[in-house]
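Excluded from the calculations below are hydrogen atoms, water molecules and symmetry mates; all remaining heavy atoms, backbone and side chain alike, are included.
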Amino acid sequence: MALHGFTRIAGITIMLLVVCIVTTLANEVFVDPYNLSNLMRRTALFGILGLGVAFVIITGGIDLSIGAVVALTGITMMHMLQSPDANPALAIAVAMGVGVLIGLFHGILIGYCKLQPFIVTLCGLMYYRGIAQLISGDTTLSMNPQFNGLRTIATGKAFDLPVPFIHSIYTPPNVEEASLIAWVPLPIPMLLLLVLAVLGAVMLHKTVPGRYHLALWRNEEASRFSCINTKQMTLLAYLICSTFASLGGNLFALDVNNVHPSSHGNFYELYDIAAAVLGGSS
């Protein structure tokens, strides 16, 4: 089992390296520190959503409403931040609360009412996007300019990472001598993703609810006969998924600062399910 896991990780890593090498050969600007920082930022935003959906896939479920949740929570936050008298903390909290409520709703319908996850979340996909259109009046929303400092959460950098040999491949314009070390800004979303990934790994492998999740993935019926509350674990999985989706929705909205309910978050669920599966969620 351990060998299989190592082989899978090695295969994904090799594929990633090949893609990076081919892209660099096609266009050396790919390894420009600024481009790498932007790439890490966008990867982190999708990665946060992927972490959430991984918990659902582990339980044998699926969530097709992630993109709509991203749209609804982003629209909710932007709608509240249009007024100059708005409270930014309250706007973010309300948007996060929307995601929590959606997760509870999904968990109750799927875990306790035994409805099909595909049907519940597919209906949610259309329903939540419709609510977002209703809230925004089907127009593009952006926050009041006085709150632009909030965008640092999604676009700012935590610190600079020293990366060797980049300047030997790509020399930035107006730089006479290439240094062996390039300083690549680490975006705040990437740091947040790393923290959440560590917490998620600890939760899955070092806590009782996490082990129950893994047991549910392997055999739901055996887990139920072992006195594991499978309904509760299913509810928790969908709660985590929608909470992460609402966090991602806030970050995506702050990143672009222009959100339209019919396009914001479109097809994000496909990217995140793919990320979770490639990451090892069967």
Side-chain angles (χ1 to χ4, degrees), residues 1-17 40 43-66 69-70 96 99-100 102-104 106-108 110-112 117 121 158 161 186-249 251 268-282:
M1 187 70 178
L3 180 61
H4 174 72
F6 175 78
T7 303
R8 183 184 64 246
I9 293 172
I12 294 172
T13 304
I14 292 171
M15 182 176 67
L16 176 62
L17 289 174
M40 283 193 290
T43 300
L45 295 177
F46 284 107
I48 289 171
L49 303 182
L51 282 177
V53 78
F55 282 88
V56 166
I57 293 177
I58 285 172
T59 64
I62 195 74
D63 193 339
L64 301 177
S65 67
I66 293 173
V69 174
V70 167
M96 291 292 296
V100 171
I102 289 174
L104 287 173
H106 288 175
I108 291 171
I110 296 167
Y112 288 85
T121 58
L161 286 174
L186 181 73
I188 292 176
M190 177 57 75
L191 182 61
L192 180 60
L193 171 64
L194 294 175
V195 171
L196 291 175
V198 170
L199 292 176
V202 170
M203 185 263 185
L204 277 177
H205 298 285
K206 301 297 182 181
T207 67
V208 173
R211 293 183 181 277
Y212 283 176
H213 266 91
L214 294 175
L216 186 62
W217 163 55
R218 290 183 173 89
N219 193 319
E220 181 179 357
E221 188 175 359
S223 300
R224 189 167 57 252
F225 289 152
S226 300
C227 298
I228 294 175
N229 191 332
T230 56
K231 297 177 181 178
Q232 193 177 77
M233 291 300 102
T234 300
L235 187 148
L236 179 61
Y238 283 92
L239 177 61
I240 292 173
C241 181
S242 291
T243 301
F244 276 48
S246 62
L247 174 61
L251 291 174
Y268 283 11
E269 57 276 354
L270 301 182
Y271 305 144
D272 303 319
I273 292 170
V277 172
L278 286 174
S281 300
S282 176

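- Between A276 and G50 the shortest heavy-atom distance is CB-O, 3.9 Å.
- Here I273 pairs with V53, I57, I62, L64, V277 under the side chain to side chain contact (heavy atoms under 4.5 Å, CB included) rule; sequence neighbours left out.
- With sequence neighbours excluded, no residue forms a side chain to side chain donor-acceptor pair (under 3.5 Å) with T234.
- By the 6.0 Å contact criterion, CZ on F46 is enclosed, its count of non-hydrogen atoms from other residues, nucleotides or ligands being greater than 12.
- Looking at R211, its side chain does come within 3.5 Å of a backbone N or O of H205 through a donor-acceptor pair.
- Identified under the side-chain hydrogen bond (donor to acceptor under 3.5 Å, both in side chains) test for residues 45-63, with sequence neighbours left out: D63-S65.
- Of all the heavy atoms in A158 and L191, the pair that sits closest is CB-CD2, 3.7 Å.
- In terms of the side chain to side chain contact (heavy atoms under 4.5 Å, CB included) criterion, residue partners of T207 (sequence neighbours excluded) are, by chain and number, M203, P209.
- Between I58 and L204 the shortest side-chain heavy-atom distance falls below 4.5 Å.
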List, one per line, each side-chain donor-acceptor pair under 3.5 Å for residues 241-249, sequence neighbours excluded.
unit_1	atom_1	unit_2	atom_2	d
S242	OG	Y238	O	3.4
T243	OG1	L239	O	2.7
S246	OG	S242	O	3.4
S246	OG	T243	O	2.7

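- Partners of A44 according to the side chain to side chain contact (heavy atoms under 4.5 Å, CB included) rule, which considers only residues two or more places apart in sequence or in another chain, are P189, M190, L193.
- A distance of 10.5 Å separates CG in L16 from CG in L278, rounded to the nearest 0.5 Å.
- Taking CG of L45 as the start and OH of Y268 as the end, the distance is 8.5 Å to the nearest 0.5 Å.
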